[in-house]
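Each chain gets a letter, A, B and so on, in the order its sequence line appears, and its residues count up from 1.
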Protein chains: 2
Amino acid sequence: MSKSDVTLLAIANAAGVSQMTVSRALSNKPGVSRAKREEILRIAAEQGYVVNRTQQKSSSRRSHVIGLVTAELHNPFVSELVAGVGRAARTAGYELLVYSLVEPDQPPLPRVIKLMQQVIDGIIALLPYEHSYLEVLADARVPIITVDQYGRFVRFPSIAADSYAGACMAVRHLLGLGHKRIAFLTGDERLASAQDRHRAYLDTLTQAGIAIDPELVLAGNYSLSRGQSVVKSLLALKDRPTAVFAANDMSAIGVLAGLKEAGLRVPEEMSVIGFDDIPGAAQCHPALTTIRQPIQQMGRSAVNTLLALIAGLEAASPQIVLPTELVVRASTGVPRGG
Amino acid sequence: MSKSDVTLLAIANAAGVSQMTVSRALSNKPGVSRAKREEILRIAAEQGYVVNRTQQKSSSRRSHVIGLVTAELHNPFVSELVAGVGRAARTAGYELLVYSLVEPDQPPLPRVIKLMQQVIDGIIALLPYEHSYLEVLADARVPIITVDQYGRFVRFPSIAADSYAGACMAVRHLLGLGHKRIAFLTGDERLASAQDRHRAYLDTLTQAGIAIDPELVLAGNYSLSRGQSVVKSLLALKDRPTAVFAANDMSAIGVLAGLKEAGLRVPEEMSVIGFDDIPGAAQCHPALTTIRQPIQQMGRSAVNTLLALIAGLEAASPQIVLPTELVVRASTGVPRGG
DNA sequence: ATGAAAGCGCTAACAC
DNA sequence: GTGTTAGCGCTTTCAT
């Protein structure tokens, strides 16, 4: 007889009480005497009882399972965040299930959306490019939190690092080193984070009295390969920049690769700064100067906010913005003749 | 009234039949007249009915949902495989749920294991380093398939590409180009795939009459960073190799990066060949020659085999091995003075 | 070919 | 503080 047969009733019999008393004891609900409660907990532990979340959900509308949806499984930022969310969820007594959107810009099938409702209590959506399915879920009263946002679309509470402030720091760091011609490699501009970083770049330069040169703004998409391929356009400019601010670490690492390919030394001939501080940032050569997002903390915030929503509370603030931090490593330095 | 309220009973009422008839019609079971069946299907489609998988499971022991467990979310091979499995599952009328092992070498909590049993009909485990939890699941009669294997542990049916044959091809390709000193960067030797590739390297060289030089065998772990860092040991050898066979593409790309850093040209001064043919292999510089694993097909095989197991059939063959293919790109060439 | 009844494991609601 | 009842949505089993 495998453990999977341990049911509420089994424990009730073993303890000589009713099923309901066991349920109450196990869910920490009032209405059970201390003595009985302890006895029940002991027996349950002994027998290795674990609640059946799906039955729990079908009778109480709560499964204590949350879902995380993402289209970018292969993305270091995402996988870090998944880890953070997983830990936070578990700490709060929740399990985490991941729904992978196989087709990035395609909404999941109705079948899958339904499955989400049937299994989970709430959803954390990462980098929600396509979000029509979120509307469907919201209509079905599934609490939703997004990490980053699709444009300025604010129907759902979101968690994000302070992209604007972080990007300002990045640009100021380069300015402080003496750079005047600073290129910017954009992120995927459908996302709020990318828009914020872009705006911060423009604003900070302007505030520093430096005219914006549109040639120095290159269209990226947060990907390594784009970062790498964009380098030649950069080097083809008659008046080359002395530094590049890439909207995220992946594309910054791509830029590093492209520069290496072109034979330029970093930071002597070109400074590079990224954004995110993914694990790979510290390991590449030269180690990447970047803006750190508090990824673990973002995971925790996402979970806590979601749980509050599930509990029926309004999100304290619809948009939670977490501070970022400049991490200076080896990829930035004073410009030549600076 | 949201769609989520569409239940069997609702359709039964709308169709003027019993719940049971609707159930039968919708699950393609016999016992319903053609006319009624069609009528029911029409109404169900109209109302947007979707079965509640968890209820389905609690009464029939089948949810038509399968799970995929992996510790390496951030791994291009894994994410490709997840996509392939997702597509195949959906085609077969199953949904896919992903369980991410947050701590790579740590088994999931009993709570999570229990959740798996409660939600899914079977599990596909990717790169199962730690597999004690699989035993628990198997004891609970959850069908399991692994992709790749932990060592020579064959309790579970597995799907894998033919690592041995593929690695032989890789080495022969280099031999054919005229290389005599060929280094090997191992994979994570806990996995069967890594062991097979290693063995193939040794065997193929021996068969070609080339003595094995232990100095040319470098300990890797399938990671990019290890590939990169290992290059300096390679270049420090008094009698340098002219080619490197890396046990997978990620580490091969790392080797490429390390060589670029060291200023060596590929393939003029060093040939590099990988294994997997992940999407990144074609995009790096120079484009990587590699052994292609049929990742999509592996996903399909894994799903089909798992479904057979779920249906109560024995796996046709406990170990399914799929053929590999040499993909020649730009990272291999004749050795200098070859 | 169709339906009625029972049960899966759990909890909300209402007893006592 | 504790137990009983009913019900979630589905499928099994047994009638008809």
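When the side chain to side chain donor-acceptor pair (under 3.5 Å) test is applied to B/R152, the partners found at least two apart in sequence or on another chain are B/Q195, B/D196. Residues forming a side chain to side chain donor-acceptor pair (under 3.5 Å) with B/H74 (at least two apart in sequence, or on another chain): A/H74.
Map B/V17 and B/S59 each onto its nearest nucleotide of DNA chain C; the residue landing nearer the 5' end is B/V17. Between B/G31 and B/R61, the residue whose closest nucleotide on DNA chain C is further toward the 5' end is B/G31.
Taking CD1 from A/I124 and OG1 from A/T146, the interatomic distance works out to 10.0 Å, rounded to the nearest 0.5 Å.
Within residues 18-27 of chain A, the residues that place at least one heavy atom under 4.0 Å from DNA chain D are, in residue-number order, A/S18, A/M20, A/T21, A/R24.
Checking the phosphate oxygens (OP1, OP2) of D/dG9, no side-chain nitrogen or oxygen of B/T54 falls inside 4.0 Å. In this model, the phosphate group of C/dC10 is approached by a side-chain N or O of A/T7 to a distance below 4.0 Å at OP1 or OP2. Using a 4.0 Å cut-off, some side-chain N or O of A/Q56 falls inside it from OP1 or OP2 of C/dT11.
Note: CG (B/L9) to P (C/dG3) measures 12 Å, nearest angstrom. Residue B/R53 contributes atom CZ, which lies 23 Å from atom P of C/dC8 at whole-angstrom precision. Regarding B/I40, its CD1 atom lies at a distance of 13 Å from the P atom of C/dA1, rounded to whole Å. The distance between atom CG of A/L8 and atom P of D/dG3, rounded to the nearest whole Å, is 13 Å. Between the CD atom of B/E39 and the C1' atom of C/dT2 there is a distance of 16 Å, rounded to whole Å. Between the NZ atom of B/K114 and the C1' atom of C/dG9 there is a distance of 10 Å, given to the nearest Å. At whole-Å resolution of the value, OH in B/Y49 and P in D/dG9 are 10 Å apart. One can place CG of A/N52 at 18 Å from P of D/dC8, the figure rounded to the nearest angstrom.
Nucleic acid contact class of B/K57 (heavy atoms, under 4.0 Å, all strands): none.
Looking at every heavy atom in both residues, B/P108 comes nearest to B/I113 through O-CD1, 3.8 Å.
For B/R61, the CZ atom counts as loosely surrounded, since its 6.0 Å shell holds 12 or fewer non-hydrogen atoms of other residues, nucleotides or ligands.
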Starting from the C-alpha separation in whole Å, work towards a yes-or-no answer on side chain to side chain donor-acceptor pair (under 3.5 Å) for A/S63 and A/Q56.
CA-CA 6 Å; A/S63 63; A/Q56 200 170 48; over 6 Å; no
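Ion pairing of B/K36 with B/E39 is absent here, as no side-chain N (NZ or NE/NH1/NH2) approaches a carboxylate O to less than 4.0 Å.
Put simply, the side chain of A/S58 and the base of C/dG9 share a donor and an acceptor less than 3.5 Å apart.
Nearest nucleotide to the side chain of A/S60, out of C/dT2, D/dT2, C/dA12: C/dA12.
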